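Owing to the predicted nature of the structure, the values given are computational and were not obtained by experimental measurement.
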Amino acid sequence: MNFHQLHIFHTVAERGSFSSAAQMLHMSQPAVTMQVQALEEYFGTKLLNRSTKKIELSDAGRALLPYAKRSIELVHEADVAMSSFTFMLQGRLQLGASLTIGEYVLPRILGPFGQQFPHINIMMKVMNTTQIIEEITKHQLNFGLIEAPIEHPDMVIDVVMQDELKLIVPALHPLAEYEEVDLDMVLEYPFILRERGSGTRQVMEDQLLSKGYPAGNLHTVMELGSTGAVKSAVEAGLGITMLSPSSVKHETALGLVKIINIRDVEFKRQFYAIHLKSTVLPIPAVTFLTFLQNNTI
């Protein structure tokens, strides 16, 4: 018996199918079947009841399943515990990141990470959450970083970073003379927002609704499909918006926009890492996620 066999058995049990498990594990179906049979020979009992229609756990299989799951969790915990000591790690990390994280958050973190772990090569794709999930499912990415929580039967989702949206106004806007304003004052001005469905917009609308201001009451003059486009429109004086301060550091330093606090209102949010339940993250991936959790944005 070894970890590889327990991992395969767990995947077959979770998927309820040898073929589905083989697809998930990027293995051939005969190879998956052979590893489960080897595990059954080791224990001297059937772990799965096979029929032409479906696969079900035997009594022995049901007894083994929690131990298989725990072994996977222990390997993951061991990787996390050891990641801070393995400075000579090597490998290639393939990850997907949603727009705000990929364009404005990770670039500043990748530099320090690269200095600490120079032998880990990172390949990052910036895309929307649906595309990230699709590529993880096809085993084209190790994991993804997204801005809003999801519910997916095959995915593990963990919080890795905290963020907060702030009011962003043009440098010559009437509100730019204040450091902090009331929400009622803010809502008198036209807004430029990300498109419906974006994580940034969802956080803003949820918080406004909790304060008794439905999103439909906002004076929205423009909806744009990228954070860069929203920033450009705000710089041009077309309206105000809510964005992560990390996305406007350059514009703030140049004096093109100003970040303002809204009194007694916080637009906090979390960033999440997702990966397949059936896979054990490689240690470079665990190292990177641990680095993110230990380094604020």
Side-chain angles (χ1 to χ4, degrees), residues 1-86 89-91 93-95 133 135-146 149-160 272-294:
M1 178 180 65
N2 56 48
F3 172 73
H4 183 55
Q5 291 168 340
L6 288 173
H7 185 209
I8 291 173
F9 164 72
H10 181 269
T11 305
V12 173
E14 289 285 306
R15 305 294 296 184
S17 161
F18 282 103
S19 60
S20 179
Q23 183 180 18
M24 183 69 71
L25 295 168
H26 268 216
M27 298 173 64
S28 67
Q29 183 173 333
V32 170
T33 302
M34 184 175 68
Q35 292 300 324
V36 173
Q37 288 175 338
L39 202 55
E40 290 178 327
E41 290 174 5
Y42 175 82
F43 287 113
T45 184
K46 288 291 183 185
L47 300 173
L48 301 168
N49 295 320
R50 302 156 174 84
S51 70
T52 55
K53 294 183 178 179
K54 59 182 178 180
I55 291 174
E56 292 182 340
L57 288 169
S58 67
D59 290 342
R62 279 192 288 275
L64 178 63
L65 187 60
Y67 294 102
K69 181 179 181 182
R70 184 61 183 145
S71 71
I72 294 171
E73 293 171 346
L74 281 173
V75 168
H76 175 71
E77 290 171 12
D79 282 345
V80 171
M82 297 305 296
S83 62
S84 60
F85 300 99
T86 52
L89 275 175
Q90 298 183 21
L93 190 57
Q94 295 177 298
L95 67 98
I133 292 172
E135 294 222 0
I136 292 174
T137 304
K138 293 179 179 176
H139 295 269
Q140 294 173 346
L141 297 174
N142 299 124
F143 66 91
L145 297 170
I146 60 176
I150 60 166
E151 292 187 6
H152 192 290
D154 297 327
M155 294 285 172
V156 174
I157 178 166
D158 295 311
V159 175
V160 290
Y272 302 87
I274 57 172
H275 69 88
L276 283 172
K277 289 180 181 176
S278 60
T279 63
V280 176
L281 283 175
I283 196 165
V286 175
T287 301
F288 184 73
L289 292 175
T290 303
F291 188 88
L292 288 184
Q293 291 169 330
N294 294 335

| field | Leu6/Leu39 under side-chain contact (heavy atoms from CB on, under 4.5 Å): CA gap, chis, key distance, verdict | value | CA-CA 8 Å; Leu6 288 173; Leu39 202 55; 4.2 Å; yes
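- Across Ala273 and Val160, no two heavy atoms sit closer than the pair CB-CG1, 3.6 Å.
- Rounding to the nearest 0.5 Å places CD of Gln37 at 7.0 Å from CD of Glu40.
- When all heavy atoms are compared, the tightest approach of Leu65 to Ala13 is CD1-CB, 3.7 Å.
- Legend: residues meeting salt bridge (Lys or Arg N to Asp or Glu O under 4.0 Å) with Asp154, ordered by chain and number and at least two apart, are Arg15.
- Among all heavy-atom pairs drawn from Ser58 and Asn49, the shortest one is CA-ND2, 3.6 Å.
- Rounding to the nearest 0.5 angstrom, the gap separating the CG atom in Leu141 from the CG atom in Leu276 is 10.0 Å.
- Going from atom NE2 of His275 over to atom CG of Leu145 covers 11.5 Å, rounded to the nearest 0.5 Å.
- Lys69 NZ: 12 or fewer foreign heavy atoms inside a 6.0 Å radius.
- Using modelled atom types, no side-chain atom of Lys46 and backbone atom of Ala60 make a donor-acceptor pair closer than 3.5 Å.
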| query | Under the side-chain contact (heavy atoms from CB on, under 4.5 Å) criterion, do Leu57 and Phe9 qualify, and how do the steps go? | reply | CA-CA 10 Å; Leu57 288 169; Phe9 164 72; 3.8 Å; yes
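- Between the side chain of Gln5 and the backbone N or O of Asn2, at least one donor-acceptor pair lies under 3.5 Å.
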| message | Let's go through Ile72 and Lys277 carefully: what are the C-alpha distance in whole Å and the side-chain angles of both, what is the deciding distance for side-chain contact (heavy atoms from CB on, under 4.5 Å) to 0.1 Å, and is it a yes or a no? | response | CA-CA 10 Å; Ile72 294 171; Lys277 289 180 181 176; over 6 Å; no
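- Taking all atoms of both residues into account, the shortest heavy-atom contact from Gln293 to Val159 is NE2-O, 3.3 Å.
- Shown here for Ile146 and Ile274, the closest heavy-atom pair between the two residues is CD1-CG2, 3.9 Å.
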| request: For side-chain contact (heavy atoms from CB on, under 4.5 Å), just list the numbers for Thr33 and Val12, CA-CA rounded to whole Å, side-chain angles, deciding distance to a tenth of an Å, and then say yes or no. | output: CA-CA 9 Å; Thr33 302; Val12 173; over 6 Å; no
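- At a threshold of 4.0 Å, the pair Arg70-Glu73 counts as salt-bridged, since one of the basic side-chain nitrogens sits closer than that to a carboxylate oxygen.
- Atom CZ of Phe3 is surrounded by more than 12 heavy atoms from other residues, nucleotides or ligands within 6.0 Å.
- Glu135 places no side-chain N or O within 3.5 Å of a backbone atom of Gln140 that could act as its donor or acceptor partner.
- Taken from CD1 in Ile136 to CE in Met155, the straight-line distance is 4.5 Å, to the nearest 0.5 Å.
- The CG atom of Leu281 sits 6.5 Å away from atom CG of Leu289, with the distance rounded to the nearest 0.5 Å.
- Under a cut-off of 6.0 angstrom, the local environment of CZ in Phe43 is crowded, with over 12 non-hydrogen atoms contributed by other residues, nucleotides or ligands.
- Checked by atom type and distance alone, the side chain of Asn142 pairs as donor or acceptor with a backbone atom of Gln94 at under 3.5 Å.
- The shortest non-hydrogen separation linking Ala63 to Pro66 is O-CD, 3.4 Å.
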